Amino acid sequence: MTLLICEPSEPDTYHIPDFSLFAGLDQELCDGLSDDVVVTSYKPGQIIIEEGELSRDIYLVLSGKLVGLLLSENGKEVSYTEITKGSYFGEISALDGRPRSITISAETDCKLGRISHAVFQKWMVAHPVILQNLAINLAQRNRALTERIYGLVVHDVEKRVCLYLSRLAQSKEQLFPGGVLQPAATHEAMAAFIGANREAVSRVIARLSRKGVIEASRKKIVFRDIRALLD
């Protein structure tokens, strides 16, 4: 399924990849729904939604990468999730009407398709399969979040770093001896994602390098001993 959306200020046509939100809808219907989507460009660092605000729109990620952050009670910024092309966000507030739970900003140049709350409500009433798809996606995210919380509770920082690196390498098809992550996440980014501090992550990376598990340099990690990484 491909949605075609034109931004009024530009003559180009934007091609949206398959979104799980629209699974089961035919092409003609998707083309009609696309008329209600407003495409907007964002620069790195720009905030799209902010924790606590009362907006209820939904966003489709057409291109680029975003990051969702939440602020803990003690003021420490904690990374929540990375959002990439083909994903969507904002559906929680669209459903329950409560304030946004995280702040989402652009990490790279992005193009987003915005669906107003009123339009999304109309879509769900007219096409119940969208609501079914949304429920399935929320269940999947809940499972992933449960697994992540479990990992934060039962594992020490070194194990969390190893799991983070192994999962990232697997997603990039680099989980093998000689596999490379480049650019690799900064120590600050790793720490935020796994719920640790930068100094602790730096010590773990240095220790793994000394053991020959990985070879780390600026913005690059080479995997040497996969068995030790997964042990």
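Along the sequence shown, residues are numbered consecutively beginning with 1. Keep in mind that what you see is a predicted model, and the values were worked out from it rather than measured.
With values rounded to the nearest 0.5 angstrom, Q46 atom CD is found 9.0 Å from S41 atom OG. If you take CG on D225 and CG on L208, they are separated by 10.5 Å, rounding to the nearest 0.5 Å. With rounding to the nearest 0.5 Å, the separation of CD in E188 from CZ in R198 is 5.5 Å. Note that the CG atom of L181 and the NZ atom of K219 stand 14.5 Å from one another [nearest 0.5 Å]. Once rounded to the nearest 0.5 Å, the distance linking CG of L175 with CG of L229 reads 7.0 Å. Considering CD1 of I130 and CD of Q132, their distance stands at 11.5 Å, rounded to 0.5 Å.
R100 places no side-chain N or O within 3.5 Å of a backbone atom of I49 that could act as its donor or acceptor partner. Judged by distance alone, with hydrogens and angles left aside, the side-chain atoms of N133 form a donor-acceptor pair with the main-chain N or O of L21 at under 3.5 Å. No donor-acceptor pair under 3.5 Å is formed between the side chain of T84 and the backbone N or O of K65. Side-chain atoms of S87 never come within 3.5 Å of backbone atoms of V61 as a donor-acceptor pair (strictly under, hydrogens ignored). The closest donor-acceptor contact from the side chain of S93 to the backbone of R98 lies under 3.5 Å.
A cation-pi arrangement, defined by a distance under 6.0 Å to the six-membered ring centre and an angle within 45 degrees of its axis, is present between R141 and Y88.
Considering all non-hydrogen atoms of both residues, S166 and L230 come closest at CB-CD2, 3.5 Å. Here the closest heavy-atom approach between residue D96 and residue R56 is recorded as C-NH2, 4.4 Å. In plain terms, the two heavy atoms of A185 and Y164 that are nearest each other are CB-OH, 3.6 Å. Between A184 and I221, the closest heavy-atom pair is CB-CG1, 3.9 Å. The two residues I102 and G68 have their closest heavy-atom pair at CD1-CA, 4.0 Å. Shortest non-hydrogen contact noted between T108 and G64 is OG1-CA, 3.4 Å.
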From CA spacing to verdict: side-chain contact (heavy atoms from CB on, under 4.5 Å), K85, L62: CA-CA 5 Å; K85 178 179 177 180; L62 313 184; over 6 Å; no
Verdict with supporting geometry, S101 and I92, side-chain contact (heavy atoms from CB on, under 4.5 Å): CA-CA 9 Å; S101 57; I92 301 298; 5.5 Å; no
Passes side-chain contact (heavy atoms from CB on, under 4.5 Å), R160 versus V204? Steps please. CA-CA 10 Å; R160 279 182 264 161; V204 169; over 6 Å; no
side-chain contact (heavy atoms from CB on, under 4.5 Å) for T40 and I48? Distances and angles first, verdict last. CA-CA 10 Å; T40 306; I48 292 83; over 6 Å; no
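The hydrophobic clustering, which links ILVMFWY residues whose side-chain heavy atoms are closer than 4.5 Å, places L131 and L138 together. Under a hydrophobic clustering in which Ile, Leu, Val, Met, Phe, Trp and Tyr are joined whenever their side-chain heavy atoms come within less than 4.5 Å, directly or via other members, I136 and L25 fall into different clusters. If you chain together hydrophobic residues whose side chains sit under 4.5 Å apart, I83 and I47 never meet in one group.
Remark: K220 NZ is loosely packed, at most 12 non-hydrogen atoms of other residues, nucleotides or ligands lying under 6.0 Å away. Within 6.0 Å of CD in E173 there are 12 or fewer heavy atoms belonging to other residues, nucleotides or ligands.
Using a 4.5 Å cut-off on side-chain heavy atoms (C-beta onward), F19 and N137 make no contact. The side-chain heavy atoms of L66 and S105, taken from C-beta on, include no pair separated by under 4.5 Å.
No option in I205, I214, D156 other than I205 meets the side-chain contact (heavy atoms from CB on, under 4.5 Å) test with V161. A side-chain contact (heavy atoms from CB on, under 4.5 Å) with F120 holds for exactly one of L134, D57, D36; it is L134.
Side-chain heavy-atom separations under 4.5 angstrom define the hydrophobic clusters, and the remaining members of the one that includes V180 are V222.
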